[in-house]
Amino acid sequence: MNDYLQKIISKSLQQFELDALPEIQTEAPKIASHGDASTNIAMMLAKPLKNNPRAIAQLIIDGLNYDEKKISAVEIAGPGFINFRFAEDYLFDELAGILKSGESYGKTDSLSGNKVLVEFVSANPTGPLTVGHGRNAVLGDTVARLLEWTGADVTREYYFNDAGRQMRVLGQSVQARYLEQLGKDSEFPEGGYEGEYIKNIAADLIREKGDALAKSDDWVPFKEKAEEAIFADISHTLERMKINMDSYFNEHSLYEDGSIEQTISKLRKLDLAYDADGATWFRTTQFGKEKDTVLIKSTGEPTYRLPDIAYHANKLDRGFDLCIDIFGADHIATYPDVLSGIESLGYDKSKIDVVVYQFVTIVKDGQPFKMSTRKANFVTLDELMDEVGSDVTRFFFLMRSPNTHLEFDIAQAKEAGEKNPVFYLQYAHARISSILRKTEEAYSFKKEPKLQLLEHSAEKSLIKTLLRFPEFIQSAAESREPHRLINYLNDVASAFTTFYHDCRIIGVENDLAQARIQLAKATARVLKNGLTILGISAPEKM
RNA sequence: GCGCCCGUAGCUCAACUGGAUAGAGCAACUGCCUUCUAAGCAGUAGGUUUCAGGUUCGAGUCCUGACGGGCGUACCA
């Protein structure tokens, strides 16, 4: 419909002989009495045409050639808005279209043919996933789902590094617990991982290998065992959250295939890398930074920036048209260097899009709670899902704009029970399912439905709401903001509930009942498709 | 100090990227279950959108400054 409006408006605008045609914006007014669609184009043109907006609006309307099967009225309102009212036939046709499209209703092809990589979670396997990781995981997965609905071929990737200092300390922590449990002398490493899970891993090792590992002071086998166990745990958690990674990318492979070497030597050739004070530096001052940045420490060990640059080059080498990174706000300062690096290596940095989400503030016992994996101060995602399930968990992280600090009150989430907003959506779906079950017994229809019987204002407004679904998927996908879809689905549930109260199905005359059933089915379709994108179930009973 | 993000109802947050009368959910108050699920509905109350300027037909949204909070600002990841 928006496309159609833009087409007819731009035709009418030809009368003005403008040099530059401004973008024609259409939007759905907030207030129903303002019509079904509206454009501000007359006000945009007031200045270039040196005329008042209402007069321009009248000229545009006079030159408008529209299909009366789609639009029933056009009027000028307020300072110069042009408001359109949709024709009933259009609404009914589109409603039938929803039922016809079924489980693909809402899909678009705006990104079809595009290969997209979404990298998220990417936590090193030093401990279980906590609610702190939850926002990253759920946001990344849902952005991926949204992009799939716009036609993209999406790969979900988990990037990790099992070679760094963190992992060494992890191995040593397990080693210390292992020796401790065997009753031998042990020294717990400085800054070691204190969690209970470390002891469990050590206990498993004793069960499997007895004291065989006590003979050497090599911590590597402990690290390997810990990595394996923790990764298994992480994968299990992700699975519970309905997240399936397509690919795990180990930073280590960038050293093995020479990418790190290549990257640094290319940067040297470009004179963007140089040696000083025993380290190798990246000339980030060239890109507007105050200081240059270390790429390789004097110990010979690269900082994370170098592999990050090589990794992103690797992504683009794999032929992805778009690479999305999901980052917490603490990484905000690091990616400009990566983008600079990528660009100097000759890649198109616009293919990399970084989604930054603000931190989750955990509130526990009414107090802000600082989590630390190392100190074992955390609430795991598994614990949370044990309490509230994956639907509520996902919903909680998706409810808010990524750009705002999310307050996560553990107690509130746990006792959420009946009060949780996710239930409102699921409840609407369950109600419809229940009605459909009952109508199957009560009615049998032989004729085509007569949708034109849907004349009640609650019916009309529900239809109009349902028709906006694709538009919201598109905007949620483009902005990488799943909460927009949630807000929309709330509107759907709310419009349905009004319809439910005003318009009975069972007990009314046959043709009307049949038409209303079609509307209920279309509503269920939208709710189900929407919840599917969010990775949340659409129950038939509650 | 500098950079990024945020500041909207008592609390948690929306507001379709500059549009018309700023909206929901909790919490409070008043009603509504012999009719398709009351995990619901209808209504009341709650606001100088932190403050001060600016830009224009029009600002919660953009620009400047102040105040308040978060995160960065390492040869840590």
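To find a chain, count down the sequence lines: A is the first, B the second, and so on, and within it residues start at 1.
We find that CD of A:Q358 is positioned 12 Å from C1' of B:G69, with the value rounded to whole Å. As rounded to whole Å, 13 Å separates atom C1' of B:A39 from atom CZ of A:F395. When rounded to the nearest whole Å, the span between NE2 of A:H429 and C1' of B:A39 equals 16 Å. Atom CG of A:D337 is separated from atom P of B:A74 by 11 Å (rounded to the nearest Å). For the pair A:E540 CD and B:A39 C1', the interatomic distance rounds to 18 Å; values are reported in whole Å. In this entry the distance linking CZ of A:F499 with P of B:U37 reads 14 Å, nearest Å. To the nearest angstrom, P of B:C76 lies 13 Å from CG of A:L295. Distance CZ (A:R400) to P (B:G70): 21 Å, rounded to an integer number of Å.
In RNA chain B, runs of at least 3 consecutive Watson-Crick or G-U pairs, each pair with both distances below 3.5 Å, span B:1-7 with B:67-73, B:10-13 with B:23-26, B:28-32 with B:40-44, B:50-54 with B:62-66.
Between A:F86 and A:M1, some side-chain heavy-atom pair lies under the 4.5 Å cut-off. Side-chain contact check for A:F395 versus A:I536: some heavy-atom pair is nearer than 4.5 Å. Side chains of A:K464 and A:R468 form no contact here, defined as non-hydrogen atoms less than 4.5 Å apart.
Between the side chains of A:D491 and A:T465, no donor-acceptor pair of N or O atoms lies under 3.5 Å. In this model, a donor atom of one side chain and an acceptor atom of the other lie less than 3.5 Å apart for A:D325 and A:H312. No hydrogens or angles considered: a donor-acceptor pair under 3.5 Å links the side chains of A:T284 and A:T293. Counting only N and O atoms by type, the side chains of A:Y274 and A:D292 include a donor and acceptor under 3.5 Å apart. Looking at A:Q474 and A:T108, their side chains do bring a donor and an acceptor atom within 3.5 Å of each other.
Of all the residues in residues 455-463 of chain A, not one reaches under 4.0 Å from RNA chain B with any non-hydrogen atom.
A sub-4.0 Å separation between OP1 or OP2 of B:A14 and a side-chain N or O of A:T404 is present. The phosphate of B:G3 (OP1 or OP2) has no side-chain N or O of A:K289 nearer than 4.0 angstrom. OP1 and OP2 of B:U35 both lie 4.0 Å or more from every side-chain N or O belonging to A:Y500. Distances shorter than 4.0 Å separate none of the side-chain N or O atoms of A:K291 from OP1 or OP2 on B:C2. For A:K297, a side-chain nitrogen or oxygen approaches OP1 or OP2 of B:A77 to under 4.0 Å. Close to B:A20, at under 4.0 Å from its OP1 or OP2, lies a side-chain N or O of A:K30. Checking the phosphate oxygens (OP1, OP2) of B:A38, a side-chain nitrogen or oxygen of A:R431 falls inside 4.0 Å.
In this structure, B:C33 is classed as syn because its glycosidic torsion stays within 90° of zero.
Relative to the side chain of A:T497, the nucleotides B:C16, B:C5, B:C41 differ in distance, and B:C41 lies closest. Taking the side chain of A:I31 as heavy atoms from C-beta on, and the options B:A20, B:A77, B:C36, the nearest nucleotide is B:A20. Considering only side-chain atoms of A:I435, the nucleotide from B:C6, B:G19, B:U37 that sits closest is B:U37. When each of B:A77, B:U12, B:C4 is scored by its nearest atom to the side-chain atoms of A:I332, the top-ranked nucleotide is B:C4. Comparing B:C16, B:C57, B:U37 by their nearest atom to the side chain of A:M43 picks out B:C57. The side chain of A:F423 sits closest to B:A39 out of B:A39, B:C16, B:C71. If you check B:U17, B:A14, B:A38 against the side chain of A:H483, the one that comes closest is B:A14. In the set B:C36, B:C75, B:C5, the nucleotide with an atom closest to the side chain of A:N403 is B:C5.
Among the atoms of the strands shown, only primed sugar atoms or phosphate atoms (P, OP1, OP2) are found under 4.0 Å from some heavy atom of A:S401. Residue A:N52 is out of contact with every strand shown, counting any heavy-atom pair closer than 4.0 Å. Contacts of A:F359 with the nucleic acid, taken as non-hydrogen atoms under 4.0 Å apart, are absent. Counting non-hydrogen atoms under 4.0 angstrom, A:S38 reaches a base of the nucleic acid. Nucleic acid contact for A:N51: none, since no nucleic acid atom lies under 4.0 Å from a heavy atom of the residue. A:L406 comes within 4.0 angstrom of sugar-phosphate atoms only, judged by non-hydrogen atoms across all strands, and of no base. A:A77 comes within 4.0 angstrom of a base, heavy atoms only. Counting any heavy atom pair closer than 4.0 Å across all strands shown, A:A28 reaches a base atom.
With hydrogens and angles left out, the side chain of A:R484 and the base of B:U17 share a donor-acceptor pair within 3.5 Å. The base of B:C16 lies close enough to the side chain of A:R468 for a donor and an acceptor atom to sit less than 3.5 Å apart. Interface remark: the A:N83 side chain does form a donor-acceptor pair with the B:A20 base, using a distance-only criterion of under 3.5 Å. Put simply, the side chain of A:S298 and the base of B:C75 share a donor and an acceptor less than 3.5 Å apart. Residue A:N40 places a side-chain atom within donor-acceptor reach of the base of B:G19, judged by atom type and a 3.5 Å distance cut-off alone. Within 3.5 Å, a donor on the side chain of A:Y304 pairs with an acceptor on the base of B:A77, or the reverse.
Judged by centroid separation below 5.5 Å and plane tilt below 30°, A:H501 does not stack onto the base of B:G40. The aromatic ring of A:F81 sits over the base of B:A20, with ring centres less than 5.5 Å apart and planes tilted by under 30°.
Atom NZ in A:K375 sits 6.0 Å away from atom CD in A:E194 (nearest 0.5 Å). Separating the CG atom in A:L512 from the CD atom in A:E455 is a distance of 9.0 Å, to the nearest 0.5 Å. Note that CH2 of A:W149 is 15.0 Å distant from CG of A:L111, once rounded to the nearest 0.5 Å.
Taking for each of A:Q166 and A:N487 the nucleotide of RNA chain B with the nearest heavy atom, the 5'-most of the two is the partner of A:N487. Residues A:A279 and A:K47 both approach RNA chain B. Their nearest nucleotides, taken by heavy-atom distance, put A:K47 toward the 5′ side.
When the P atom is compared between B:G60 and B:G19, the two are found 10 Å apart, to the nearest whole Å.
Aromatic ring pairs are classed by plane angle as parallel below 30°, tilted from 30° to 60° and perpendicular above 60°; the pair A:Y158 and A:F231 is tilted.
One finds a salt bridge joining A:R85 and A:E75 here, because a Lys/Arg side-chain nitrogen approaches an Asp/Glu carboxylate oxygen to under 4.0 Å.
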